[in-house]
Structures are given as C-alpha cells and as structure tokens.
Protein chains: 2
Amino acid sequence: MPEQPSTPARRPLTLRDVSEASGVSEMTVSRVLRNRGDVSQATREKVLAAAKDLGYVPNKIAGALASQRVNLVAVIIPSLSNMVFPEVMTGINEVLDETPLQPVVGVTQYDPEREEKVLYEMLSWRPSGVIIAGLEHSENAKAMLRAAGIPVVEIMDTDGPAIDACVGISHRRAGRMMAQAILKAGYRNIGFLGTKMPLDHRARKRFEGFTEALAKEGIEIMDREFYKGGSALAKGREMTEAMLERTPEIDFLYYSNDMIGAGGLLYCLDKGIAVPGQVGLAGFNGVELLEGLPRRLATMDACRLEIGRAAAQIIADRAAEAGLAGGERVELAPKIEAGDTLKRR
Amino acid sequence: MPEQPSTPARRPLTLRDVSEASGVSEMTVSRVLRNRGDVSQATREKVLAAAKDLGYVPNKIAGALASQRVNLVAVIIPSLSNMVFPEVMTGINEVLDETPLQPVVGVTQYDPEREEKVLYEMLSWRPSGVIIAGLEHSENAKAMLRAAGIPVVEIMDTDGPAIDACVGISHRRAGRMMAQAILKAGYRNIGFLGTKMPLDHRARKRFEGFTEALAKEGIEIMDREFYKGGSALAKGREMTEAMLERTPEIDFLYYSNDMIGAGGLLYCLDKGIAVPGQVGLAGFNGVELLEGLPRRLATMDACRLEIGRAAAQIIADRAAEAGLAGGERVELAPKIEAGDTLKRR
DNA sequence: CTGAAAGCGCTAACAG
DNA sequence: CTGTTAGCGCTTTCAG
C-alpha cells in the first residue's frame with residue numbers, strides 16, 4: 001500500500017512534535033500553550049505558530065495525569081427531556097463559563113442503578129466536583145460520593161440530609177404552600193394528577209406536603225390519577241377528562257407538573273368548562289411554555305436557574321480556594337404565580 | 001487541628017492500595033478489575049472484595065493514557081432546550097448503551113466560535129469519535145476534525161459535503177415537499193414564520209427549498225415574519241396575529257418549527273379562525289407535544305431518533321473494527337404528517 | 001495463571 | 001526566561 005495521500009493523522013500529535021517543529025523545548029512549549037510562567041514574546045510566537053500550523057490539540061489525559069488536576073464537573077440529572085434540567089444546566093453553564101471548569105452531564109432516567117453506574121463512570125475521571133440531583137441515592141452511591149474527596153452539591157431538593165452541600169427548594173413546603181393557596185381561594189373538592197413515578201422523590205414530597213396541609217384543614221383529596229409515559233400534554237387532557245367524569249364535584253385540579261396542567265387547561269377550554277370559576281387549576285415548575293397558553297396556568301416557580309447558578313458557584317469557589325469548609329446549604333423560596341386559573345371564587 | 005473524623009479520603013485510592021489490601025500484584029488486580037485475561041476464581045474474589053471494601057474507583061485518566069484508548073464519544077449540538085436534540089441523544093444512547101462507549105455532550109448555542117472552543121476541548125480528551133450537528137463549521141473546526149484521525153459523523157443535515165460520515169435529512173427537500181403538499185391542497189397565499197437565526201442553517205435550507213418549490217409554480221411567499229428569543233409558543237401567537245392583521249388574504253402559514261406553529265394554532269382557535277378552512281397551518285419536527293393540542297398540527301418528522309441511532313452505530317462499528325472505510329452517508333426520508341391543519345380545500 | 005519492567009504524554013520542581 | 005529530571009496511575013509486553 002502506498003503512503004497516505006496527505007493529512008489524515010495516523011498518530012496524534014504530541015508536544016514533542018511541536019517542540020521539534022519550533023525548536024523550543026517541550027517544557028517551554030507546554031508553558032506557552034498553558035499560558036503559565038514567563039516566556040519571551042519571541043519564543044511564544046514561534047511556538048504558537050508551530051502549534052497552529054500542525055493543528056496540535058493538547059492531550060488532556062496526559063496533562064491531567066501529570067498535574068493531578070481535572071477541570072471537569074460531573075453533573076448528574078435524571079432527564080433532559082422535561083424542560084427543567086436544561087434550565088438548571090443553563091444556570092450551571094453561566095457560572096462555570098467564568099472559570100476553567102467544564103460541566104459533563106450524565107443522565108440517570110430516574111433509575112438508581114443507572115445513577116450508580118453513571119456516577120461511577122464519572123468519578124473514574126476524577127472530576128473537580130459533582131452536582132447531583134436529589135438527596136436520595138443508593139448506599140453505594142453515597143459511599144462513592146463521600147469517598148471521592150471532592151465537593152458534592154445535591155440540588156433541587158432540601159428535604160433531607162445532604163452528603164455535603166445542598167441547593168434547592170423544599171418540595172414539601174411547596175406542596176403545602178399550594179394547598180394553602182387553593183384553600184384560601186375557596187376551593188374544597190380537590191383532585192391530584194401526577195406521574196406514576198415512585199422514584200421521583202420530589203414529586204412525592206410535594207404530594208405529601210400538599211395532602212398534609214389539606215389534612216390540617218380537615219380536607220382530603222377527593223380523587224387522584226397517575227400516568228406514565230407518552231406525551232405529557234395529551235396525558236393531561238386524558239386524565240382531566242377521566243377525573244372530571246368520574247368525580248364531577250371536583251372544583252380544583254392540582255397537577256404535578258406544568259405540562260400535564262397545560263393539557264388539562266386546554267381540555268377544559270375545549271369543553272367550555274369555566275376556569276377558574278367552575279374548576280381551578282395549578283401546575284408546578286413555571287415553564288416558559290405557559291406564556292403562550294390561552295390562559296396563564298397557576299404554577300410555582302422552582303428556581304431552576306438559581307439552583308444551577310448557586311450549585312456551580314459552590315463548586316467553583318471550592319475549586320479556587322482549597323480548605324473551604326463545605327456543607328453549604330441554600331434553600332431557595334419558590335413563589336406561587338396565580339396566573340388566571342387560581343382565583344378567589 | 002485534630003485528625004479527620006473518619007473516611008473523607010484525602011488521597012484518592014490507587015491500584016496499589018487494592019494490591020496491598022488483597023496481597024495480589026497490581027497487574028493482577030488490574031486484570032480482575034477489567035475482566036481481562038485469566039485469573040483464578042480465588043484471587044478474583046480476594047481482589048473484588050478488597051476493591052469494594054476500600055471503595056476503589058479506577059482512575060480512567062491513567063488507564064486511558066496507558067492504553068491509548070478512550071471510550072468517549074463527543075456529541076456536539078447547538079442546544080438542549082428545543083426538544084429536538086434530547087431526542088437525538090436518546091437515539092445515540094440507545095446504541096451506545098450496548099457498547100463500552102459513552103457519550104459526552106457539548107453545547108454550542110448556534111455559535112461557531114463556541115463550537116470551535118467546545119470541539120477543541122472535547123478533542124483534547126482524545127475521544128473515540130465525534131458526532132456533530134450540521135455541515136457548517138469554521139475552517140479551524142473542520143481542520144481539527146480532519147486532523148483528529150477519528151470517526152466524525154455530521155448529523156441532521158445532508159445538504160452539502162461532509163468531512164467524513166453524514167446522517168440526516170435534506171432540509172431543502174423537506175422544504176420543497178411541504179411546499180408541494182401545500183400547493184396540492186389548494187392554498188396559494190402563503191406566509192412564512194420562523195426564527196431570526198442566520199446561523200440555523202437547517203432552518204435556512206428548509207426556507208430556501210420551500211420558496212424554490214413555490215417559485216417553480218410561479219408563486220411567491222406573500223408575507224414573512226421572524227422572531228428571536230422568548231417563549232416560542234407565545235411568539236407563535238404574536239407573529240400569527242401580526243401577520244394575519246397585516247396580510248389578511250393569507251390562507252396558509254408555514255412555521256419553521258412546531259412550537260411556534262402550536263402557538264399559531266392556539267391563536268387561530270382562540271379567534272375562531274377556521275383551520276384548515278380559512279387558514280391552513282404546518283410546522284416542522286414532529287414533536288410529541290403536538291399530540292395534546294386541540295387539533296393535530298401538520299408537520300414533518302425530522303427522524304431525530306433514527307439519526308441518533310444511525311450516527312452512533314457508525315461510530316460503534318468503526319470503534320469495534322479498525323480499518324473500516326469511512327465516509328458513510330445516510331439520508332433519511334422525512335414524512336409529512338398532514339394532521340388536521342393541512343387539507344384539500 | 002501471575003508478576004516485573006517500561007512507558008503512555010504531559011507537568012511539577014528544580015536547576016541554570 | 002529556558003531546560004532537565006522525575007514521575008502521575010495505569011496497561012502493555014514479555015517472562016516465568
């Protein structure tokens with residue numbers, strides 16, 4: 001076989017190649033490429049030219065091994081497809097962009113086994129920190145996180161003990177707040193619609209807080225309905241229809257997320273059900289989508305952007321300054337947005 | 001200061017620690033942990049016990065450097081927040097889950113400079129392959145991709161020359177197909193609504209194909225409107241309102257994505273505009289969301305899941321078997337879903 | 001089946 | 001300002 005036609009690199013370039021091409025020692029080349037230490041303008045330019053010319057891309061694997069420093073932050077979240085985590089990521093990116101740190105995301109699909117595996121994989125790259133959704137993890141996962149010896153920030157939820165730092169909202173309190181607002185508006189026959197996900201602990205905690213606050217006023221949920229999979233908007237319609245047929249006395253529907261809430265709202269408008277007069281509605285999350293609906297669904301902001309920012313800030317601070325205490329705890333206060341579907345009757 | 005209370009690892013564990021704890025050589029420990037080569041059941045168990053006991057997590061940095069093998073696939077996409085890329089990711093994950101490869105995603109925000117930076121960062125980890133959205137990249141980026149000497153799959157779009165492999169649909173053809181379907185249904189006064197994003201090349205190509213096919217029948221777009229930022233659903237409403245007021249003769253609205261299309265649909269239904277009698281509507285993407293709308297918006301499936309799967313398969317195949325040719329080209333055929341908003345009048 | 005030796009490509013630490 | 005010397009923690013290769 002003849003020689004390769006031209007470029008297609010067989011062997012990736014190394015510092016040595018740049019060193020030879022520029023006639024400068026490997027060490028100095030390394031300094032230039034990392035902007036470390038003083039290098040004369042002349043050599044700097046020689047090196048940069050050679051590197052660019054060859055198309056050299058440094059090998060971070062070797063660099064990380066030699067320097068014992070990896071500027072990665074592991075971000076472990078349950079899902080990318082529900083609007084909530086992308087926004088958390090935005091917050092994380094915003095602050096990490098100002099630092100040398102880079103987020104690497106892993107997705108668990110609400111599955112503890114997957115979480116454990118993803119975590120193991122990520123930790124094996126020795127990241128500078130971990131941002132992980134939720135407070136509930138397998139014993140193994142918790143052990144790994146403790147043993148990693150790096151900052152760990154558990155996000156989204158503050159209802160429970162954290163391994164290290166923690167940034168989020170209290171979903172129990174969020175559920176209670178919504179219950180109180182609903183009662184205060186005069187609704188009494190309340191239905192709950194949510195996801196059939198025993199592993200979505202935050203949804204569960206909201207539900208618990210919700211029923212607890214109702215119970216305090218001697219009220220019980222009148223009906224409930226859970227779904228799994230499919231288009232959330234469509235499911236919201238279906239579940240709403242099913243519940244209103246089964247329990248026509250219902251005067252308020254509390255949805256565990258905005259997407260099914262939006263489906264419910266569209267259903268009610270379709271059917272000419274007066275909202276919020278005949279039936280009031282509320283969701284959870286404060287997603288942007290709601291702005292385009294014919295009525296603004298009542299919801300509760302989950303502070304997603306803020307959570308991402310605060311979590312990343314904690315990691316960034318601790319990466320920058322060794323010996324910080326750890327154990328930070330940030331509980332954000334979600335606000336009810338009453339919109340057009342939760343009003344005094 | 002007294003000693004640390006208990007665990008909190010100062011120094012991460014190494015193979016050597018496991019070796020000492022188990023009384024087995026580092027080399028054999030390594031074999032056990034990687035399931036390579038023959039090791040007696042007895043030593044295997046000793047090693048596994050010691051590793052688990054200590055909570056050892058291998059250092060992939062060192063492993064990768066030593067073995068010159070990194071089981072990462074760089075996935076570079078413009079955005080996570082618009083429903084389309086999460087679905088591509090799902091397809092990628094589906095096939096990579098069956099292999100030792102792991103996806104690592106980088107987000108460019110439709111910004112070529114960011115793309116270049118993200119690409120550089122990812123390549124510096126020496127991944128086994130790259131999956132990157134689009135065919136348009138800066139010269140530098142293209143040079144890096146060529147020089148990397150690893151499989152590169154450009155996805156989503158097939159309208160143009162690829163660096164190596166390519167999986168997607170022809171957006172020009174997609175635009176043409178939709179134009180033909182609209183004309184065939186008898187609409188003639190057509191408006192176009194889209195994003196003001198000169199860097200969304202796929203949206204631009206659809207638009208070009210669309211106008212081109214109309215021109216072939218002697219028809220020109222009657223009005224157009226572009227938006228930037230904000231809630232797509234809300235923007236869809238606003239733009240639709242603006243256009244129908246400005247150009248009341250319009251009988252069809254072609255949206256560059258389903259989300260603004262959905263907003264337009266809701267607006268029309270609100271205003272009692274007969275759809276598709278008075279005005280027909282169509283979007284693009286085939287997002288799940290549409291299923292929950294009062295009418296099914298006409299759209300075109302962009303084969304996102306398939307694209308993800310096929311791209312990952314190419315990388316997986318080439319990673320498994322050295323010396324494959326490269327340059328694979330997969331053009332998927334998007335299908336029009338006429339729904340309820342694009343019907344013969 | 002098990003071990004010893006020799007790096008992978010880079011950077012810390014120390015000379016000049 | 002620049003170069004030299006040792007590794008980083010693992011795996012490859014070659015001997016038992």
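Quick note on labels: first sequence line is chain A, next is B, and so on, each numbered from 1.
A sub-4.0 Å separation between OP1 or OP2 of dG3(D) and a side-chain N or O of T28(A) is present.
Judged purely by distance below 3.5 Å, without hydrogens or angles, the side chains of E116(B) and H137(B) never pair a donor atom with an acceptor atom. Between the side chains of N71(A) and Q102(A), no donor-acceptor pair of N or O atoms lies under 3.5 Å.
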Exercise. Could you walk me through whether R114(A) and D97(B) pass the salt bridge (charged side-chain N to carboxylate O under 4.0 Å, His left out) check?
Worked result: CA-CA 11 Å; R114(A) 262 192 102 80; D97(B) 269 355; 3.4 Å; yes

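Taken over five-pair windows at either terminus, the axes of the helix from dC1(C)-dG16(D) to dG16(C)-dC1(D) are inclined to one another by 30° (rounded to 10 degrees).
The pair E20(B)-R16(B) meets the salt-bridge criterion, with a side-chain N (NZ, NE, NH1 or NH2) lying under 4.0 Å from an Asp/Glu carboxylate O. Salt bridge absent: D38(A) and R44(A) never bring a charged side-chain N and a carboxylate O closer than 4.0 Å. Between K117(B) and D111(B) no salt bridge is recorded (no basic side-chain N to carboxylate O distance below 4.0 Å).
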Problem set entry | nucleotides 8-16 of chain D: protein proximity per nucleotide (B base, S sugar-phosphate only, - neither; heavy atom, under 4.0 Å) | BBBBBB---

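Just one of D53(A), L33(A), T43(A) meets the side-chain contact (heavy atoms from CB on, under 4.5 Å) condition when paired with L48(A); it is L33(A).
If you walk DNA chain C from 5' to 3' and mark each nucleotide with an atom closer than 4.0 Å to a heavy atom of chain B, the marks span dC1(C) to dG9(C).
If you take CD1 on I92(B) and CD1 on I131(B), they are separated by 4.0 Å, rounding to the nearest 0.5 Å. Considering OH of Y120(B) and NZ of K60(A), their distance stands at 8.0 Å, rounded to 0.5 Å.
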